[in-house]
Amino acid sequence: MITGGGSGIGQAVALRFLEEGAAGVAVVGRTLDRLQRTVEAAGDRADRILPIAGDVRSADDMRRAVSETVRRFGRLDVLVPNAGIWDFNRSLTKTTPEEIAGIYDELFDINVKGYLLACSAAWPELVKTRGSIVMTLSNAAFYPAGGGPVYTAAKHAARGLVTQLAYELAPKVRVNGVAIGGLRTDLRGPSSAGMQERSIEAGFRKREARGDDARTNMWLPLHDASVDPADSTGPYVLLASRSNAGVITGAIVNADGGIGVRGFATAAGGDDL
């Protein structure tokens, strides 16, 4: 079961799990229309996709999503808490306290509480199957400048969830994470800041308009690190696999093209203060 499975890395992981032989994948998102894109992208495997409309901020919706998944497929082996929004690097110095309050409430509700509620609803079923949880994190869970302070704090919180839940759910359930880099997705911003229609995809289109190759991240140590979400799904497959990662829990795979090696471009964020 994958939250935020209607686009981006959530959709890519769903399709990759099917490719790897998953008997079925439930994708959870706010609207069935959006989830239908994943069903259609599955092609001849579409009958193994279960779209479930629900809000990750709702405990009832998460309980229902788990119940529908088990009713359809008979069991739950892997949970991927993935639904999230981004703050588009909105810095502390460029926002008012009121704006920070709004962004914080919305972003933490989705990016942190959403993960917790999904795990809370799913863990009894995962215990039955000795399954696993693979959380989508970000380079912002380790380094600054991958988002503004709210997004960075939220991803550090999710990093804490990996370690805490790995302890709480052992030995029955493994809990790990994948810290992805900047991918070409439809990741949106908080509506409280008027960014609900803003998408990372727009930034890539601007790069293409300038004549840049928007398929790669040339500023990373791995110059040809793909921005296609499909190329970042391997760590999810590894960590979900009992045979290949049965001794791994509480771990986070950095799959960000080497951001931790190079860092970001500016020496100090406050030089213009």
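Numbering starts at 1 and runs along the sequence shown. Only a predicted model underlies this, so the values are computations on that prediction, with no experimental measurement involved.
If you take CG on N176 and OG1 on T163, they are separated by 11.0 Å, rounding to the nearest 0.5 Å. Atoms CG and CD, from L169 and Q164 in turn, are 9.5 Å apart once rounded to the nearest 0.5 Å. From M135, atom CE reaches atom CG of L161 across 5.0 Å, with rounding to the nearest 0.5 Å. Taken to the nearest 0.5 Å, the OG1 atom of T3 stands 11.0 Å off from the CD1 atom of I52. Here the CD1 atom belonging to I259 is positioned 3.5 Å from the CG atom belonging to N139, to the nearest 0.5 angstrom. The distance from atom OG of S138 to atom NE2 of H156, rounded to the nearest 0.5 Å, is 10.0 Å.
Minimum interatomic distance between Y104 and V150 (heavy atoms only, all atoms of both residues): CA-CG1, 3.7 Å. Nearest heavy atoms, A14 versus V27: CB-CG1, 3.8 Å. Minimum heavy-atom separation, A245 to L238: CB-O, 3.1 Å. For the residue pair A158 and L137, the shortest heavy atom distance occurs at CB-CD2, 3.3 Å. Of all non-hydrogen atoms in L35 and V28, the two that sit nearest each other are CD2-C, 3.8 Å. Annotation for G147 and W86: closest pair CA-NE1, 3.6 Å, computed over non-hydrogen atoms.
At a threshold of 4.5 Å between non-hydrogen side-chain atoms, the residues V253 and L239 count as touching. The shortest distance between side-chain heavy atoms of V56 and D61 does not fall below 4.5 Å. Contact check for F17 versus V78: side-chain heavy atoms found under the 4.5 Å cut-off. Between C119 and L79, the closest side-chain pair of non-hydrogen atoms falls below 4.5 Å. Between Y151 and N111, the closest side-chain pair of non-hydrogen atoms falls below 4.5 Å. The closest side-chain heavy-atom distance from S232 to V178 is not below 4.5 Å. Within the 4.5 Å cutoff, the side chain of W123 has no heavy atoms near those of the L165 side chain. With a 4.5 Å cut-off on side-chain heavy atoms, V13 and N82 do not count as touching.
Among residue pairs with one or both ends in residues 173-182, none qualify as salt bridge (charged side-chain N to carboxylate O under 4.0 Å, His left out); sequence neighbours excluded. Pairs engaging residues 10-30 under the side-chain hydrogen bond (donor to acceptor under 3.5 Å, both in side chains) rule: Q11-T38, R16-E20, R16-T233 [sequence neighbours left out].
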Fill in: T93/L273 under side-chain contact (heavy atoms from CB on, under 4.5 Å): CA gap, chis, key distance, verdict
CA-CA 8 Å; T93 60; L273 295 181; 3.6 Å; yes

Practice prompt. Applying side-chain contact (heavy atoms from CB on, under 4.5 Å), run through L76 and T129 and close with a yes or a no.
Written response: CA-CA 7 Å; L76 177 61; T129 61; 5.6 Å; no

Practice prompt. Please test M62 against V66 for side-chain contact (heavy atoms from CB on, under 4.5 Å), starting from the C-alpha separation and ending with a verdict.
Written response: CA-CA 6 Å; M62 289 301 94; V66 171; 5.8 Å; no

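Put simply, the side chain of R90 never gets that close to the backbone of E99: no donor and acceptor are under 3.5 Å apart. With hydrogens and angles ignored, the 3.5 Å screen pairs a side-chain donor or acceptor of D55 with a backbone N or O of R57. No side-chain donor-acceptor contact under 3.5 Å links S241 to the backbone of V237. Judged by distance alone, with hydrogens and angles left aside, the side-chain atoms of R159 form a donor-acceptor pair with the main-chain N or O of A141 at under 3.5 Å.
With 3.5 Å as the limit, one finds no donor-acceptor pair spanning the side chains of S7 and R37. Judged purely by distance below 3.5 Å, without hydrogens or angles, the side chains of Y236 and T136 pair a donor atom with an acceptor atom.
At a threshold of 4.5 Å between side-chain heavy atoms, the hydrophobic network of Ile, Leu, Val, Met, Phe, Trp and Tyr places M1 and L15 in two separate groups. Residues V261 and V227 are members of separate hydrophobic clusters, defined by side-chain heavy-atom contacts under 4.5 angstrom among Ile, Leu, Val, Met, Phe, Trp and Tyr.
Between E68 and the choices R64, R71, R72, the side chain to side chain donor-acceptor pair (under 3.5 Å) rule is met once, by R64.
Contacts of V39 classified as side chain to side chain contact (heavy atoms under 4.5 Å, CB included), with partners at least two apart in sequence or in another chain: Q36, A46, I49, P51. Qualifying side chain to side chain donor-acceptor pair (under 3.5 Å) partners for D60, counting only residues two or more places apart in sequence or in other chains: R63. Taking the ring-ring contact (aromatic ring centres under 6.0 Å, His included) definition, one finds that Y167 meets it with nothing, sequence neighbours left out. For F73, there are no ring-ring contact (aromatic ring centres under 6.0 Å, His included) partners two or more places apart in sequence or in a different chain.
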